[in-house]
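For the numbers below, each heavy atom of this structure counts, side chains included, while hydrogens, waters and symmetry mates do not.
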Amino acid sequence: MADTPVDARDAVKPTPAEPLRPPTGAPNVLIILIDDMGFGASSAFGGPCAMPVAERVGAEGTRFTRFHTTALCSPTRQALLTGRNHHTAEMGALAEVATSFPGYTGVRPDDCATLAQVLRMNGYSTGMFGKHHQTPPWETSPSGPFDRWPTGEGFEKFYGFIGGDTHQWVPALVDGTKPIEPPRTPEEGYHLSEDLVDQAIAWLGGLNALTPDKPWFTYLSFGATHAPHHVPQRYLDAVRGRFDHGYDRERELTFERQRELGVIPPDAELTAPNGRIPAWDDLDDDDRLVGTRLFEAYAAMATHTDEQVGRLLDALEEQGVLDDTLVFYILGDNGASAEAGPYGTFNEMAYQNNVLMTTADIKPRLDDIGGPKAFNHMPSGWAHAMNTPYQWSKIVASHWGGTRTGMIVRYPARVPAGERRAQFTHVIDIVPTILEYAGLPEPEQVDGIAQKPLEGVSFAYAIDDADAAERHSTQYFEIGGNRGIYHDGWTAVTQHWLPWPDPNDVVPALADDTWELYGPDDWTQAHDLAAEHPEKLAELQQRFLIEGAKYNVLPIDDRQRERFDPVVAGRPDLMRGRTRLTLRPGMSRLNENTVLNVKNRSFTVTAVVTLPTDGPAQGALIAQGGSFGGWALYLRDGHLCYAHNFVGMHTSTVRSDAPVGAGDHVLELRFSYDGGGAGRGGDVGLFADGARIGEGRVDRTVPGLFSFDEGLDIGCDSLDPVVEDYATPKGAFTGTIATVTIDIAPDAEHDPDLVLRARYRKQ
């Protein structure tokens with residue numbers, strides 16, 4: 001003690017701790033992920049969608065021609081960020097349809113840490129921009145918990161959206177964990193893809209200026225080209241008429257270009273047209289016109305998105321860090337989506353509720369396609385063309401059309417320019433590849449928790465040697481019963497259910513599925529060898545079961561849209577056991593998975609309010625969903641109104657007979673559900689202070705999902721409003737709300753899979 005200086009001036013200054021940094025030479029890491037883009041979509045892989053930046057990255061880097069995903073959004077993203085199979089990481093399906101079965105809970109285990117966590121703990125800055133779609137839906141409320149939001153999964157910066165998709169013109173934005181409004185309106189030139197890149201450029205500019213010695217990991221996950229296909233008008237104008245030859249001819253043209261580019265071998269075969277999709281020549285003129293317009297929006301959106309990638313790469317080049325960055329440009333988290341069915345849709349939320357639109361439904365709104373008033377998606381025939389040369393599409397995990405997408409790697413220090421690699425690779429291989437290039441070991445523990453081994457294989461070996469024997473030799477695939485197994489070049493597959501709603505489709509029992517077998521030389525899965533080699537098929541079927549047991553695939557759950565209901569699915573539910581919820585002003589953007597479910601049952605809404613004295617009351621008391629599906633209880637010129645927006649196709653409105661006067665009131669909506677299944681109608685009663693003031697009828701209601709992104713609001717209708725009938729901006733209420741209480745009947749009605757039994761009729 002006697003030798004210890006009292007005055008710091010007399011003490012020897014200790015050496016400050018060095019800031020944490022990864023090994024010398026560790027690269028920056030940039031993962032760019034495009035949504036719902038098939039192998040045959042981008043011009044970089046022979047497709048019709050002009051993507052010159054992807055072509056440039058391909059010329060400066062290496063294209064992988066046998067890169068695979070899981071065939072669906074949430075599972076691929078969980079696998080991408082953890083380096084484990086999607087069932088290992090508990091994301092066997094979409095987060096919104098999680099169950100309590102192991103492999104399907106939607107809750108990433110702590111022993112499957114993300115790449116962002118690992119890199120951050122090794123000295124990287126980490127940021128994510130765009131679509132997440134991995135947070136358990138019951139954890140998306142202001143109550144959290146937030147440890148499986150991006151900022152809880154290792155990202156120091158997050159700017160984007162949490163759900164499966166969002167309105168590109170009016171997105172449900174989140175900054176960190178805080179919901180925010182878009183910084184501009186569509187009329188002011190706002191578009192989500194541009195905003196994401198603006199935010200990424202600004203964030204990276206700060207890092208490169210302040211800590212140039214510290215590498216960063218940026219994950220840019222576009223909502224594009226997932227529906228809705230929203231894009232500025234000039235991009236639509238640029239493609240008008242370019243695809244009038246139709247989707248069958250487009251498959252042939254794309255196949256020819258793919259051969260010329262060498263992204264498929266010379267002896268590859270174009271698979272046969274899909275018999276469940278009408279031939280282009282069998283469509284009438286209106287079908288062709290509408291379908292092509294819907295596809296033009298997709299193609300234009302692909303070009304627009306690629307242009308934003310170019311802005312980011314140009315900014316990195318200007319900042320002098322592009323060549324120090326390991327870039328993965330992944331052109332699809334699954335194959336292109338055929339979910340909208342043979343004739344497409346004006347509103348993606350329609351097919352999410354098993355409602356198919358006809359050409360006649362869409363044609364009157366042709367000029368709105370791609371703009372803020374549409375939520376459009378292309379027909380299945382065009383999606384099939386975007387997956388050329390393969391069979392099937394997104395969701396169909398059995399065939400390459402659902403799982404094989406284009407991927408390009410750029411890193412001049414290690415990755416050759418203008419080359420191609422054909423080794424089998426999978427999305428779970430990205431994490432070990434990055435760790436190898438960064439000189440970092442696979443983590444044994446993260447936050448004191450022992451980690452499951454990575455299940456992917458680094459493909460740096462393939463980049464170094466084009467002729468190297470592939471190291472990822474076995475891979476299972478499974479989504480909703482569509483399943484397959486790859487082993488030493490052979491594939492055994494079975495397509496279990498359609499990727500688009502069809503009330504007439506009969507889904508067999510899992511044990512009754514027909515399996516197909518494809519040999520090692522069959523690049524496109526064109527020739528089924530099951531009858532010729534039954535012993536090989538049996539061997540691979542057994543291997544699927546072994547892999548399925550190993551990775552939590554079993555038991556397989558092939559239930560479909562009924563799993564949107566947490567009671568049916570058996571997952572955690574924030575409202576479990578409750579039939580009453582009281583909400584207050586200021587509560588906004590509440591995801592429908594975090595509030596009481598009013599669908600397919602009787603319910604009551606009671607609002608305790610004070611109406612203004614300086615004019616008739618206006619605005620929303622409560623609104624849920626948006627202009628493509630939802631409901632609202634609101635006042636217009638003092639009249640109490642209830643509106644139910646049926647998937648953007650029809651809005652039923654019940655209005656009180658007389659306006660409600662100023663002062664304190666208890667206003668009620670009583671909805672009496674018809675029963676007899678899902679999506680049925682009901683009788684509406686409107687009350688003020690216990691007295692009936694209006695009544696009416698709603699003939700059809702949304703059965704499964706109002707919206708992935710539009711939430712529930714009190715005292716307003718944020719983002720894209722349910723109705724256009726508000727007299728105030730975004731339905732801002734002009735009175736005062738004390739409380740709004742929802743009471744629901746305890747049991748909801750269900751059809752198997754929520755199928756609306758009205759037959760689809762082409763008009």
Between Y298 and F295, how do the two ring planes meet: parallel, tilted or perpendicular, split at 30° and 60°? parallel
Could you tell me if S221 and R77 have a donor-acceptor pair between their side chains, going purely by distance under 3.5 Å? yes
Tell me whether the centres of the aromatic rings in F646 and W631 are closer together than 6.0 Å. no
A172 and F161 have their tightest heavy-atom pair at O-CB, 3.5 Å
Using the salt bridge (charged side-chain N to carboxylate O under 4.0 Å, His left out) definition, which of the options D368, D287, D367 pairs with R293? D367
Would you check, one step at a time, whether the test side-chain contact (heavy atoms from CB on, under 4.5 Å) holds for F706 with M349? CA-CA 7 Å; F706 292 126; M349 297 316 301; over 6 Å; no
Hey, can you tell me if H230 and H167 have their rings parallel, tilted or perpendicular (30° and 60° cut-offs)? tilted
Please check this pair: side chain of T582 against backbone of T741, looking for a donor-acceptor N/O pair closer than 3.5 Å. no
Is it the case that D709 and S707 place a side-chain donor and acceptor less than 3.5 Å from each other? yes
Under the salt bridge (charged side-chain N to carboxylate O under 4.0 Å, His left out) criterion, do R571 and D565 qualify, and how do the steps go? CA-CA 9 Å; R571 63 176 170 270; D565 188 330; over 6 Å; no
For the student: nearest non-hydrogen atoms of P703 and N353, plus distance: CD-OD1, 3.5 Å
Side-chain polar contacts of residues 719-732 - donor-acceptor pairs under 3.5 angstrom, sequence neighbours left out - could you list them?
from: D720; atom 1: OD2; to: S627; atom 2: OG; distance (Å): 2.2
from: D725; atom 1: OD1; to: R636; atom 2: NH1; distance (Å): 3.2
from: D725; atom 1: OD2; to: Y634; atom 2: OH; distance (Å): 2.9
from: Y726; atom 1: OH; to: D717; atom 2: OD2; distance (Å): 2.8
from: T728; atom 1: OG1; to: A732; atom 2: N; distance (Å): 3.0
from: T728; atom 1: OG1; to: A732; atom 2: O; distance (Å): 2.7
from: K730; atom 1: NZ; to: L719; atom 2: O; distance (Å): 3.0

Does the side chain of H665 pick up a donor-acceptor pair with the side chain of D689 at under 3.5 Å? yes
V97 and T99: side-chain contact (heavy atoms from CB on, under 4.5 Å), yes or no, with the steps? CA-CA 7 Å; V97 296; T99 72; over 6 Å; no
Between Q618 and D637, do the side chains contain a donor N or O and an acceptor N or O under 3.5 Å apart? yes
D683 side chain to S672 side chain, donor-acceptor N/O pair below 3.5 angstrom: no
Check against side-chain contact (heavy atoms from CB on, under 4.5 Å), E348 and D165: CA-CA 10 Å; E348 182 216 352; D165 66 25; 2.3 Å; yes
Taking S656 for its side chain and P659 for its backbone only, find out whether a donor-acceptor pair lies under 3.5 Å. no
Please test D557 against R563 for salt bridge (charged side-chain N to carboxylate O under 4.0 Å, His left out), starting from the C-alpha separation and ending with a verdict. CA-CA 10 Å; D557 192 341; R563 284 166 57 183; 3.7 Å; yes
In terms of relative ring orientation, are Y642 and F671 parallel, tilted or perpendicular, with 30° and 60° separating the classes? tilted
Should the pair R670 and F687 be classed as cation-pi, given the thresholds of under 6.0 Å to the six-membered ring centre and 45° from the axis? yes
Kindly list each side-chain donor-acceptor pair under 3.5 angstrom involving residues 175-182, sequence neighbours excluded, with atom names and distances?
from: D175; atom 1: OD1; to: K157; atom 2: NZ; distance (Å): 3.4

With no hydrogens and no angle check, do the side chains of H304 and S193 hold a donor and an acceptor under 3.5 Å apart? no
Using only atom types and a distance under 3.5 Å, with no angle test, would you say the side chain of T579 pairs donor to acceptor with the backbone of P746? no
Would you please say whether a donor-acceptor pair under 3.5 Å links the side chains of E339 and W500? no
Would you say that more than 12 heavy atoms from the other residues, nucleotides or ligands in this model lie under 6.0 Å from the CZ of R692, or not? yes
Would you mind telling me which of E96, H133, H132, Q134 makes a side-chain hydrogen bond (donor to acceptor under 3.5 Å, both in side chains) with S74? H133
K363 side chain vs V290 backbone, donor-acceptor pair below 3.5 Å: no
Going by atom types alone, do Y159 and D195 pair a side-chain donor with an acceptor below 3.5 Å? yes
In terms of side-chain heavy atoms, does D36 have a donor or acceptor partner in T225 at a distance below 3.5 Å? no
Minimum heavy-atom distance R559-V568, with the two atoms named: NH1-O, 3.1 Å
Specify the closest pair of heavy atoms between A224 and T305, including all atoms of both residues, with the distance to one decimal. CB-OG1, 3.1 Å
Test side chain to side chain contact (heavy atoms under 4.5 Å, CB included) applied to W138 and V107, D573, N591, T594, the passing residue: V107
Which heavy atom of L173 sits nearest to which heavy atom of P183, and what is that distance? CD1-CD, 4.0 Å
For F101, look at atom CZ and say whether over 12 heavy atoms of other residues, nucleotides or ligands are found less than 6.0 Å away. no
Pair V660-L611, side-chain contact (heavy atoms from CB on, under 4.5 Å): steps then yes or no: CA-CA 8 Å; V660 183; L611 303 188; 3.6 Å; yes
Evaluate the criterion salt bridge (charged side-chain N to carboxylate O under 4.0 Å, His left out) for residue pair E90 and R108; output intermediate values, then yes/no. CA-CA 6 Å; E90 296 288 347; R108 180 187 55 79; over 6 Å; no
